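In what follows, chains carry the letters A, B, and so on, assigned in the order in which the sequence lines appear, proteins first and then strands, with residues in each chain numbered from 1. In this text the structure is predicted, and so the values were computed from the model without any measurement.
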There are 4 protein chains.
Amino acid sequence: MPNGKRLTRAEQKALRPLQILEAAFEEFVKNGYAASRVEDIAERVGVTKGTVYVYFPTKEQLFEAMIQHISAPLRKVLRTSDTLKGRAAEKLQQFIELLYDHIVDDRKSRELMRFVIAEGARFPDLIDRHHEEFIAPIIGRIQEILDEGVALNEFRRKPAEFADVTMSPMLAMVIVRLIFDDRQDIDRNAFRHEHLQLVLNSLTG
Amino acid sequence: MPNGKRLTRAEQKALRPLQILEAAFEEFVKNGYAASRVEDIAERVGVTKGTVYVYFPTKEQLFEAMIQHISAPLRKVLRTSDTLKGRAAEKLQQFIELLYDHIVDDRKSRELMRFVIAEGARFPDLIDRHHEEFIAPIIGRIQEILDEGVALNEFRRKPAEFADVTMSPMLAMVIVRLIFDDRQDIDRNAFRHEHLQLVLNSLTG
Amino acid sequence: MPNGKRLTRAEQKALRPLQILEAAFEEFVKNGYAASRVEDIAERVGVTKGTVYVYFPTKEQLFEAMIQHISAPLRKVLRTSDTLKGRAAEKLQQFIELLYDHIVDDRKSRELMRFVIAEGARFPDLIDRHHEEFIAPIIGRIQEILDEGVALNEFRRKPAEFADVTMSPMLAMVIVRLIFDDRQDIDRNAFRHEHLQLVLNSLTG
Amino acid sequence: MPNGKRLTRAEQKALRPLQILEAAFEEFVKNGYAASRVEDIAERVGVTKGTVYVYFPTKEQLFEAMIQHISAPLRKVLRTSDTLKGRAAEKLQQFIELLYDHIVDDRKSRELMRFVIAEGARFPDLIDRHHEEFIAPIIGRIQEILDEGVALNEFRRKPAEFADVTMSPMLAMVIVRLIFDDRQDIDRNAFRHEHLQLVLNSLTG
DNA sequence: CATGAATGAGACTTCATTCAT
DNA sequence: CATGAATGAAGTCTCATTCAT
């Protein structure tokens, strides 16, 4: 019997930590780190406080593990950014679309940004790791594409700050969606299109 | 009449709430709302816990009063945005420079943004007021200038989202400075210049 | 000018302590000793906390002074109990009516009983004084009348406890009115009449 | 199976709330509601503050639960009042003796009365429930017996207030014992006897 | 592994009391 | 006298963490 839905006890157990991390994510999003209660996280999973402590020795380490957990998919996305194809402008467009699809549109990525802004002061290596793993690679990749475009005479040369400016509307949209939690309706496609136009226009015009 | 340092009782009293609000700002910035202690705020002023409660009945109301307090200067800035002069492009440039000078470069304004992002969920009218008082007027003013430029054939017509995109680099810079607390060095002038170029180029090119 | 209503400043000042005692009575009745706030007492008088401390050095002494103050009229009542006239039965009736009129029907006397019951444990000499000044004299006076009636063959001899029993309905009515704060309507005259009948019937029947 | 002293975890747990309620009773009796400290209640049980809050969410709810707890035996007493036997006079005598044995002589019942008088204003439904559950049924039962005696020509007809008066000495004795905490020695049996004589004499004489 | 009773440090808040003006 | 700003001890309640079962 191939066992369709039911999980074996072993599978169930292997799942526990992940369930806890997901629950932790929701609670920390809702209340922030300091105001979240381990008990509420446990309750979300349907276990008791003690169980959380079986898997994570402190609230702090649970928070850090949760951050690792939710940023894992993001890391994967960045790795796919090597496969961009075409001319520099096309690569830039593809890359920006990739970021909209997997960062701006992904709730976990957005909330990761909130944690970085809100809890960064109390978790300094959250900042450092976030910069190392996400900000720097993204800016770096954009810079590469820009350099490539310039080398091929496809783009006009731009100063170093241009890479940052290039990313700005995307970051701004993340923030706006964090703040208004989607009560504010922005036409996401129109916004992205305008963003691209602006950048490409400036590079090629 | 000597009056070197000593304040009269009356002066002291008028000062107290302001001192407390300033101290509250620092503590709330450092730890966030939930993790800040009223006692530490008091200590910063050089008084005891009880004194804080003479002026603010709860920690929550102290937080809200502090938000009002630090956003007061900002409100004043926006009111000066009527005096822009020249052609639309010049007005846009002046307005963006105004925003860089008084928002991006002002620590209180930047940290206000952090409070909005970090504590907005627990203080919903913080969000609402912030939108009403700052976001909406700023976007509105930009839109006005754009419309004016279009009407005078100075600018190319752009879709509604363009105003948001226009503001993005500025918002992004606020966020970056919040995250890296000035450890990250961005050439602020170069960045602003690139921002302006990008926007004007797209509008007039 | 004979000065009709307006008080001179001097009179006003002489009044202060009395006003405070009255206000204290109301607050202590409402909340009990522990839960009453000196500030609320002051507010009732229209002065500030500090003023209360000008006249009464501690909350405890204020409470005790208030007890003295409200029991003063009662003391006067007992002194008039010497003027009873007629035969023993008539004296007993007059005395019981006196007690109904000046104790059962007097809010201050009733509330004094509440203080004795509720705060007696924390103010032991409240109990002692109350016994000395009120309970013992009243029981004593009743006993005197009973003895007189027996001596004159007007009453049947009764055991010592009878004096206590004689007073019981009156005390019970005080308690009931304290508990129900006059929401419970007892026909006070009918009750007193039944009380008298019961006692006299037993003594003379 | 040894089981000398040690309680199992389960037994211990079932006991805890009861221990806390008993300790709460003692503290609230000693100090009144407002002046009692949760920590002292805990200490009486031999646990810490936190433990009390495991079982009772607030001091107020602890107080209310304690009231329920100590009045439970009383409720049971009233239910046994149906089994009175004999003629009306005998029933009345038995009922009054029942009340002396289980109310006047029961410390918890007496102190319940103190709570009603002292804290009733802050716990209005304490009053209401007390009236509903105790006062009204007791008065009602007395009235029934009186009516029965009248119907059988055993008693003389008496006005409605007579039931209240009938109960008075008992209530008075509760109050006196509350006030003097047994320092005042009343001959309880003689008092009760006099009470009965008085009432029966009036009904049958 | 999972439980949940128990702990105790620590937070917010209250309020009697003091004292300079 | 009267004020009211300031104090600080103390109380209620919370919650991360532990541990025996």
Side-chain angles (χ1 to χ4, degrees), chain A residues 9-10 12-13 16-17 34-42 45-62, chain B residues 8-10 12-17 34-42 45-62, chain C residues 9-10 12-14 16-17 34-42 45-62, chain D residues 6 8-10 12-17 34-42 45-62:
Chain A
R9 203 155 310 173
Q12 175 76 321
K13 272 184 188 165
R16 267 293 128 81
S36 289
R37 302 171 56 222
V38 173
E39 186 152 24
D40 289 340
I41 293 170
V45 182
V47 298
T48 57
K49 253 187 315 191
T51 305
V52 173
Y53 281 91
V54 169
Y55 296 96
F56 304 96
T58 65
K59 183 182 169 185
E60 202 171 320
Q61 288 180 51
L62 170 56
Chain B
T8 67
R9 192 43 75 110
Q12 179 73 288
K13 192 219 142 132
L15 224 49
R16 263 301 122 80
S36 290
R37 303 172 48 221
V38 172
E39 187 152 24
D40 289 339
I41 293 170
V45 182
V47 296
T48 58
K49 249 180 325 188
T51 304
V52 174
Y53 282 94
V54 168
Y55 296 93
F56 303 95
T58 63
K59 183 182 169 186
E60 200 170 320
Q61 287 181 51
L62 170 57
Chain C
R9 204 157 307 174
Q12 175 76 320
K13 272 186 186 165
R16 265 294 129 80
S36 289
R37 303 171 55 222
V38 173
E39 186 152 24
D40 289 340
I41 293 170
V45 183
V47 298
T48 59
K49 252 185 319 189
T51 305
V52 174
Y53 281 92
V54 168
Y55 297 96
F56 304 95
T58 65
K59 183 183 170 186
E60 202 171 319
Q61 289 179 51
L62 170 56
Chain D
R6 293 267 159 238
T8 67
R9 190 46 70 112
Q12 179 72 287
K13 191 218 144 133
L15 224 50
R16 262 299 121 81
S36 290
R37 302 173 49 221
V38 172
E39 188 152 23
D40 289 338
I41 293 170
V45 182
V47 297
T48 58
K49 248 181 328 186
T51 304
V52 173
Y53 282 95
V54 169
Y55 296 94
F56 303 96
T58 64
K59 182 182 168 186
E60 200 171 321
Q61 287 181 52
L62 171 56

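- Remark: E/dA9 base-pairs with F/dT14; criterion is Watson-Crick or G-U wobble with both hydrogen-bond distances under 3.5 Å.
- Listed nucleotides F/dG11, E/dT13, F/dT7 differ in distance to B/Thr58; the shortest reach to its side chain belongs to E/dT13.
- Distance, D/Asp40 CG to F/dC13 P: 15 Å, rounded to whole Å.
- Residue-level contact check: B/Phe56 touches neither bases nor backbone, having no heavy atom under 4.0 Å from any strand.
- Between A/Val45 and A/Arg16, some side-chain heavy-atom pair lies under the 4.5 Å cut-off.
- Closest-nucleotide positions on DNA chain F for D/Arg37 and C/Val52 were compared, and the one nearer the 5' end corresponds to C/Val52.
- Considering only side-chain N and O atoms, C/Thr48 lies nowhere under 4.0 angstrom from the phosphate OP1 or OP2 of F/dA2.
- With rounding to whole Å, B/Gln61 atom CD is found 14 Å from E/dC12 atom C1'.
- Look at D/Thr51 and you won't find any side-chain N or O under 4.0 angstrom from OP1 or OP2 of E/dA5.
- Taking for each of C/Tyr53 and B/Glu60 the nucleotide of DNA chain E with the nearest heavy atom, the 5'-most of the two is the partner of B/Glu60.
- We find that CD of D/Glu39 is positioned 17 Å from P of E/dA6, with the value rounded to whole Å.
- Of all heavy-atom pairs spanning B/Ala42 and B/Lys49, the tightest one is CB-N, 3.6 Å.
- D/Leu62 places its CG atom 10 Å from the P atom of F/dT12, with the value rounded to the nearest Å.
- Atom C1' of nucleotide E/dT13 and atom CD1 of B/Ile41 are separated by 14 Å, given to the nearest angstrom.
- Residues B/Val54 and B/Val47 have side chains not in contact (no heavy-atom distance under 4.5 Å, counting atoms from C-beta outward).
- For F/dA2, the paired base is E/dT21 (Watson-Crick or G-U wobble, both distances below 3.5 Å).
- Between D/Lys49 and D/Val54, the residue whose closest nucleotide on DNA chain E is further toward the 5' end is D/Val54.
- Residue C/Gly46 is the one, among D/Val38 and C/Gly46, whose nearest nucleotide of DNA chain F lies closer to the 5' end (criterion: closest heavy atom).
- Rounded to an integer number of Å, the gap from NZ of C/Lys59 to P of F/dA9 is 19 Å.
- Nearest heavy-atom pair, D/Tyr53 versus D/Thr58, reported as atom, atom and distance to 0.1 Å: CE2-CA, 4.2 Å.
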